[in-house]
Amino acid sequence: VLGWTASPLNAREQSDWALISSVLLNALVCSAWFLASCLFWRQRTAREVERVEAFFEQVRTPVDFDREVGGANDAQQYRLLGLLCLVYGGFTSLLVFIPNPPSGRLAILACGASILAVGGWLRWSARKDERLQPQPEPPEDNYA
């Protein structure tokens, strides 16, 4: 490639050169292909232009969470993820009883404690979130 008659490179250098040249060639060909495709973007069908415009109109439309998803269920998600973290953290903490050097046991205990702390924080957030949510009105008693 460089006009060398005898290869001054050893086998490892030759494989490195093959990798570098293939990456550079790939980047050059792919970049040229991408830039050349820009020449043809105006030659789209009316249906394609309409489809792209509809896509970008949908992207610009704000999300109405209540209509599309429904009521927020953050407290339920906090509660479930907190429970999972407490279970995983408890199991990880039990791994302390596997024979290890003291530094290894301390590292395992730190991992388990951090997972337990996150689980506790999520469960606390669930209770706090439930208290902040407005409670639904009880149905009226029409039989009185």
Side-chain angles (χ1 to χ4, degrees), residues 1-2 7-144:
V1 173
L2 298 177
S7 178
L9 305 175
N10 62 28
R12 187 178 88 42
E13 291 169 336
Q14 287 176 353
S15 70
D16 288 347
W17 177 250
L19 175 67
I20 290 170
S21 60
S22 65
V23 167
L24 290 176
L25 184 63
N26 191 1
L28 181 69
V29 168
C30 291
S31 296
W33 185 272
F34 172 76
L35 293 173
S37 70
C38 292
L39 300 173
F40 304 107
W41 74 273
R42 292 179 197 254
Q43 298 175 1
R44 296 182 298 165
T45 64
R47 183 174 182 271
E48 176 68 16
V49 171
E50 186 178 305
R51 191 176 70 82
V52 170
E53 286 301 318
F55 168 76
F56 282 110
E57 182 62 31
Q58 186 176 8
V59 168
R60 288 187 291 267
T61 304
V63 175
D64 184 3
F65 184 80
D66 290 331
R67 185 176 60 86
E68 294 180 25
V69 178
N73 60 354
D74 293 347
Q76 181 183 4
Q77 292 177 17
Y78 291 157
R79 193 179 321 103
L80 179 63
L81 287 174
L83 178 64
L84 287 172
C85 284
L86 291 174
V87 169
Y88 295 154
F91 178 75
T92 303
S93 297
L94 288 176
L95 296 176
V96 163
F97 297 113
I98 294 176
N100 274 315
S103 62
R105 289 182 184 210
L106 187 62
I108 290 171
L109 188 62
C111 289
S114 64
I115 297 171
L116 284 168
V118 169
W121 175 74
L122 285 168
R123 296 289 287 195
W124 176 78
S125 296
R127 278 193 233 110
K128 186 177 116 182
D129 195 50
E130 285 172 344
R131 278 185 261 132
L132 294 177
Q133 293 295 324
Q135 299 299 324
E137 302 260 340
E140 291 183 19
D141 188 9
N142 293 332
Y143 298 109

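Just so it is clear, the values below take in all heavy atoms, side chains as well, and ignore hydrogens, waters and symmetry mates. In this text, all values refer to a predicted model and were calculated from it rather than measured experimentally.
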(request) For residues L122 and C85, determine if any side-chain heavy atom of one lies less than 4.5 Å from a side-chain heavy atom of the other. (result) yes
(message) Going by side chain to side chain donor-acceptor pair (under 3.5 Å), name the residues that satisfy it together with R47, two or more places apart in sequence or in a different chain.
(response) none
(request) Provide the closest heavy-atom pair for Y78 versus A126 in the form atom of the first, atom of the second, distance. (result) CB-CB, 3.7 Å
Give the table of side-chain donor-acceptor pairs shorter than 3.5 Å for residues 93-115, with sequence neighbours excluded, one pair per line with atom names and distance.
residue, atom, partner, partner atom, Å
S93, OG, G89, O, 2.8
R105, NE, N100, O, 3.3
S114, OG, A110, O, 3.3
S114, OG, C111, O, 2.8

(request) Give every residue pair that meets the salt bridge (charged side-chain N to carboxylate O under 4.0 Å, His left out) criterion with at least one member in residues 79-100, sequence neighbours excluded. (result) R79-E130
(message) Using 0.5 Å steps for rounding, measure from the CG atom of L86 to the CZ atom of F91.
(response) 15.5 Å
I'd like a table of donor-acceptor pairs (distance under 3.5 Å, sequence neighbours excluded) in which one partner is a side-chain atom from residues 24-40, with atom names and distances.
residue, atom, partner, partner atom, Å
S31, OG, A27, O, 2.7
S37, OG, F34, O, 2.6

(message) Holding to side-chain contact (heavy atoms from CB on, under 4.5 Å), I want the full list of residues that pass it with E13, two or more places apart in sequence or in another chain.
(response) L9, N10
Could you list the donor-acceptor pairs under 3.5 angstrom formed by side chains in residues 49-59, with sequence neighbours left out?
residue, atom, partner, partner atom, Å
R51, NE, E48, OE1, 3.4
R51, NH2, E48, OE1, 3.3
R51, NH2, E48, OE2, 3.1
E57, OE1, R60, NH2, 3.4

(message) As an exercise, state the distance from CG of L81 to OG of S125, rounded to the nearest 0.5 Å.
(response) 11.0 Å
